[in-house]
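Right, one structure below, let's go through it.
Indexing begins at 1, ligand by ligand and atom by atom, following the structure's order.
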Amino acid sequence: MTVVERAVTEAGLPERTVHVLRGGGVALVLASRPDGLPEVLHWGRDTGPVAAADAADLVLAQDRAVSPSAYDAAWPLTLLPTEHDGWEGRPGIAGQVGGRPLVPVWHEAAVAGTDTELVVDAVSDELTLSIVLALDAAGVLRVRQTVTNTGVEDVELTALEAVLPVGERATEVLDLAGKWTRERTPQRRALTDGVHVRESRRGRTGHDAPTLTILGTTGFDDALGELWAVHPAWSADTVHRIDRLAEARTLLGAGELLRAGEVVLRPAEGFTAPETVFVWSDGGLDGLSARLHDSLRARPGHPVSPRPVVLNTWEAVYFRQELEPLLELARAAADVGVERFVLDDGWFTGRRSDTTSLGDWTVDAEVWPDGLGPLVDGVRALGMDFGLWFEPECVSPVSALAEAHPDWFLQDPDRARTWRHEYTLDFAHADVREHVLDRMSAVIEEHHVDFVKWDQNRDVVQTVHAGRVGLGAHTRGVYAVMDELRRRHPWLEIEACASGGARVDLGVLERTDRVWASDSNDAMERLAIQRWTELLLPPELIGSHVGPEVSHTTGRHLDLDFRMAVSLFGSAGIETDVTRCTAAERDRLREWTALYKRERGLLHSGRVHHVDLGDAGLATTVVVGADRDRALARVVRTETGPRALAVPLRFRGLDRRRRYRVAPVTGLRVPKGVDVTRTPWLERGSVELSGAVLEDLGVRLPSLAPGTALVLEAQAV
Ligand code: DGJ
């Protein structure tokens, strides 16, 4: 921490001390005072260390002028603003104590830490507050806030949100929306005055989750513009908020959405809000994602083993589980290079459809008379890992568990609606957690299950259990079960799935190894879903499977090479009945899995660029290896282009001084219908050019038909 000891007392203001967090070219500059929370002077580009001699001038230069028709004295916009400070937007902390609005007056505050982590401790009449601000080497800032009731009355919290001021030059807002099979659809608008709150009340992250709320300078795009973004690392109800008031800097923030009565702190009780993640970049959306990807990749728990080629049985067999056909599927999968075989929904007692049996986590004796052993052994004998589907949080009303423990439901069946014929269990209840853990552990132990697909197929609403509003406590219980499962079975990997991609957030990703991005295996739809999931997550965390030729969700026909090209750029897999593939298709799948295995080191550690080629019908992704020796570029034609002349592919992120050989990758074909004789360099097979030429002029693309993709490699020579 750069603590500048020089106190600033001009203008009748109390003493202030400057604190600077620096990391990855980003800085957070705070001015603290002993009798209140610190003010954020700057969050953005690192302008270098603040010399002691400059501290007073820095503070003075940033001090607000007193505007007409305003409070008579200047007021600080603090880390947790309330009306006591002079702030008239949405408060950072709110609630009530003894029937009065909770507006804590922080009469003692201390700041301590290092140059990458600061802890702010403050005391009010009724609370203590701790704010931990940690800025990592990627420039990603994480904020964690805890309050504890130190008074004698109960304190009800209705908000504890983290906020930061952004640059006044931000004029546009981007966030995401969506629905089942169309998750993470971008929406963009002008930043206007007012308090803008986007609530998510779905009880899980949601298909339509904002994911990130991004404020940016005019016209920002994938590569250009200065951006400030926020993400709540939380898998249930959230608030994303922007306050743009005439008299203050624009605030951006987020937090857990708290329902009335949900957090009532008795004396000595505390509440820790989920972590809020803030990212700044001056390199457009890709620059923002680069910071997030680097930050996630630096976590101790980030998966480091090569991401295996998965075969998931869902779209291949749905609930039609039978040993012999599944062994045949496993043989076909192994034959094309699959490394992990995942048995999806339908293996447990009574589960023949989605109407019953959730909660009864014992192997169905009718479908599996000899247990799962013969399948698991068969899968392992073929050299593959074994994965298994669970939906641990949910319970079917028609199940042995529901009959035995009707009091374990989070929703009241007399009042609440089912969704996919299911309710939620109350994971705030220790007996529920223990039961689920024991049931899952028994199966995981018995078969040394390598991978659990942890599904969750309903919005979690009407969560009043035993007279208590239970969503936050339930969600913390879900996290606890995931954590304990991994503690008990250290080899285990978990995939976070929720009716496809309704649980994509950094809270669940603290304890899981990849997300299932969508139930849409239509590669054309998936392309956009994957692109916008990449805003937050690096490709190795995004499950993406080669689906059937005719998509089960859209009915669209797509060529195998196209489906493979889309899946290649994620955590790849197959979700179709490979036993029905022709020998030629199997050959192509085999070549593709070999390509994925060769390139996953690059794809899962490289920098991801989305390149606008000036043709709205083309979607282009370039992944460049960390040493910039090699890059892969995928150009997808989503719809016809505006011009007869095909545009050039311009690379991004190469070393401009080195020469690269550019050629189609081995393992995917140049699309059928491309007449290479019309694209001379493709007819020759490759070109060698400098990085500068490849970035500025590029290589002329052939004319691609909609629904086709070309994947090229650039190898330094
Ligand atoms: C929803 C998931 O997203 C699917 O992949 C599949 O696992 C089904 N649930 C199974 O019920």
Q: Indicate, as side chain, backbone, both or neither, the part of Asn457 found under 4.0 angstrom from ligand 1 when only non-hydrogen atoms are considered.
A: side chain
Q | N-O pairing of Glu484 and Arg487 below 4.0 Å | A | yes
Q.
Below 4.0 Å from ligand 1: does a non-hydrogen atom of Asp354 turn up there or not?
A. no
Q. Hey, does the Lys NZ or Arg CZ of Arg458 hover above the aromatic six-ring of Trp180, less than 6.0 Å from the centre and inside 45° of the axis?
A. no
Q: Using a 4.0 Å heavy-atom threshold (strictly under), name the region of Arg420 that reaches ligand 1: side chain, backbone, both or neither.
A: side chain
(Q) Check this for me: does any side-chain nitrogen of one of Asp459 and Arg417 sit under 4.0 Å from a carboxylate oxygen of the other? (A) no
Q | Part of Lys453 with heavy atoms under 4.0 Å of ligand 1, whether side chain, backbone, both or neither | A | side chain
Q. Which one holds for Ser499 and ligand 1: side chain close, backbone close, both close, or neither close, with close meaning a heavy atom under 4.0 Å?
A. backbone
Q) Looking only at protein heavy atoms, which one is nearest to atom 9 (N) of ligand 1, and how far off is it? A) Asp455 OD2, 2.7 Å
Q.
Need the ligand 1 atom indices (1-based, order shown) with element for anything under 4.0 Å from a heavy-atom of Cys497.
A. 2 (C), 3 (O)
Q. So, is the end of the Arg202 side chain (NZ or CZ) under 6.0 Å from the ring centre of Trp419 and within 45° of the ring's axis?
A. no
Q) Just distances here: any N/O of Phe319 and N/O of ligand 1 closer than 3.5 Å? A) no
Q | Modelled atom types, side-chain donor and acceptor of Arg503 and Ser235, under 3.5 Å | A | no
Q. In a check of ring pair (Phe, Tyr, Trp, His ring centres under 6.0 Å) between Trp347 and each of Phe390, Phe386, Trp368, Trp389, which one passes?
A. Phe390
Q.
Check this for me - ligand 1, Glu575, N or O atoms closer than 3.5 angstrom, yes or no?
A. no
Q: Identify, for atom 6 (C) of ligand 1, the protein heavy atom at the shortest distance, and state residue, atom and that distance.
A: Asp344 OD1, 3.4 Å
Q) Is there a nitrogen or oxygen of Trp314 sitting under 3.5 Å from a nitrogen or oxygen of ligand 1? A) no
Q: Give a yes or no on whether the ring-centroid distance for His557 and Phe562 is below 6.0 angstrom.
A: no
Q) Should the pair Arg297-Glu540 be classified as a salt bridge under the 4.0 Å nitrogen-to-oxygen rule? A) yes
Q. With a cut-off of 4.0 Å, which atoms of ligand 1 are near a heavy atom of Trp516?
A. 3 (O), 5 (O)
